[in-house]
Amino acid sequence: MPELPEMETYRRLLHEQICGAVITSTAVQREKTINLPPAQFGQLLQNNRLTLIERRGKHLLFHLQSGHVLLLHLMLGGFLYLGTAEDKLARTAQVTVFLGERVLYFHGLRLGYLHLLTPDQIDEKLAPLGPEPLNPEFTLTHFEKLLEEKRGVLKTAMVDQHWIAGIGNCYSDEICFHARILPTRRIPELTAPERATLYHSMQEVLAEAIRFGGYMEQPLYRTDELTGGFDERCQVYDRGGEPCLRCGQPIVKDELSSRKVFFCTHCQQ
DNA sequence: AGAGTCACCCGGACGC
DNA sequence: TGCGTCCGGGTGACTC
């Protein structure tokens, strides 16, 4: 599901493609996706300009000239498509935002949402999120401090958005594999070198995933060659039973607090 | 605080 | 092909 690298890829591409564009109209297929009556939602968005597209954790923030912000969370299986009235996908969009000729389609939002909020509401909504792992302020010292305050299982902590924002089921496993540390380890038992390795693996894996466009299946727009390039670069996620790319032993698929987890018992300690 | 459970929701996979 | 059923999975609320 979309995690930090996928949302960051979207942010970069959307910034290039539609920053400064004016919303001409909207269409809402699924009212639960939004937080206002569709008429009010449409009225507040119409003739509003997109001034900035920002990411926080797994959220995307579309800042508008009026000061309002469209807050997007794709949750499970949500994805975007930027096309035109003709160039669109053969499935329903829960919300459609028209930007003159161009059209931004919001697909697969069954649990995901697109909420129109004021800056105060945004601050309140995002306040509980943990630090951004790729923010320069997020140093090894900062990470070591977080680890000292946490006692549970490593993977469970890594996917906790209040602890660190943006890491989900896929990248928690990828980061642990890169660090050669089992995701099932308990945080208090991690040695100092392991903590440092984990920090560097987090930086490297997330940065590489962004460089390759994340693992989204659907390109953002017709000529988009970036999105989804990380698909075939996943080392362990969803590779249960397949040979480890480092040692050839089969990747183990297990369950950890009702969540899939993948690791190599030979390469990871 | 951590760990477990549940509800939310529906596209897609699977069985017949 | 087509219909019914089940599952997955991020998050927040709730419990022990």
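Below, chain A is the first sequence line, B the second, and so on; all start at residue 1.
Relative ring orientation between A/Phe106 and A/Phe62 is described as perpendicular, the plane-to-plane angle rising above 60° on a 0-90° scale split at 30° and 60°.
By the salt bridge (charged side-chain N to carboxylate O under 4.0 Å, His left out) test, A/Arg195 pairs with no residue at all, sequence neighbours left out.
The side chain of A/His73 sits closest to C/dT11 out of C/dT11, B/dG2, B/dA3.
A cation-pi arrangement is present between A/Arg246 and A/Phe177 under the rule of less than 6.0 angstrom and at most 45 degrees off the ring axis.
Going from atom CG of A/Leu146 over to atom P of B/dA1 covers 15 Å, rounded to whole Å. Following rounding to the nearest Å, A/Leu147 (CG) and B/dA1 (C1') show an atom-to-atom distance of 16 Å. Put simply, NZ on A/Lys150 is 9 Å from P on B/dA3, counting in whole angstrom units. Protein atom CD of A/Glu255 is 11 Å distant from nucleotide atom C1' of C/dG8, rounded to whole Å. Summarising the geometry, the separation between CZ on A/Arg56 and P on C/dG10 is reported as 19 Å, rounded to the nearest angstrom. Per the geometry, CG belonging to A/Asp238 stands 14 Å off C1' belonging to B/dA13, to the nearest Å. The CD-C1' distance, from A/Glu149 to B/dA1, rounds to 12 Å in whole Å. For the pair A/Ile187 CD1 and B/dA1 P, the interatomic distance rounds to 14 Å; values are reported in whole Å.
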| note | In B/S/- notation (B base, S sugar-phosphate only, - none; protein heavy atoms under 4.0 Å), nucleotides 4-12 of chain B written 5' to 3' is S---BBBSS
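Phosphate contact (OP1/OP2 of C/dT11, side-chain N/O of A/Arg259, threshold under 4.0 Å): absent. For C/dG9, the OP1/OP2 oxygens have a side-chain nitrogen or oxygen of A/Lys260 closer than 4.0 Å. For the OP1/OP2 pair of C/dT11 and a distance below 4.0 Å, the side-chain nitrogens and oxygens of A/Gln161 include at least one atom meeting the criterion.
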In a table with atom names and distances, give each donor-acceptor pair under 3.5 Å that connects a side chain of residues 135-147 of chain A to protein atoms at least two apart or in another chain.
unit_1: A/Asn135; atom_1: OD1; unit_2: A/Glu137; atom_2: N; d: 3.0
unit_1: A/Thr139; atom_1: OG1; unit_2: A/His142; atom_2: N; d: 3.2

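Residue A/His162 is classed as a sugar-phosphate contact, given heavy-atom separations below 4.0 Å to backbone atoms only. As judged by a 4.0 angstrom heavy-atom cut-off over every strand, A/Gly152 is placed among residues touching the sugar-phosphate backbone only.
Just one residue in the list A/Glu174, A/Glu232, A/Glu3 forms a side chain to side chain donor-acceptor pair (under 3.5 Å) with A/Tyr215, and that residue is A/Glu3.
The two atoms that bring A/Leu226 and A/Arg211 nearest to each other are CD1-O, 3.5 Å, heavy atoms only.
Within the 3.5 Å criterion, the main-chain N or O of A/Val22 finds no donor-acceptor partner in the side chain of A/Arg49.
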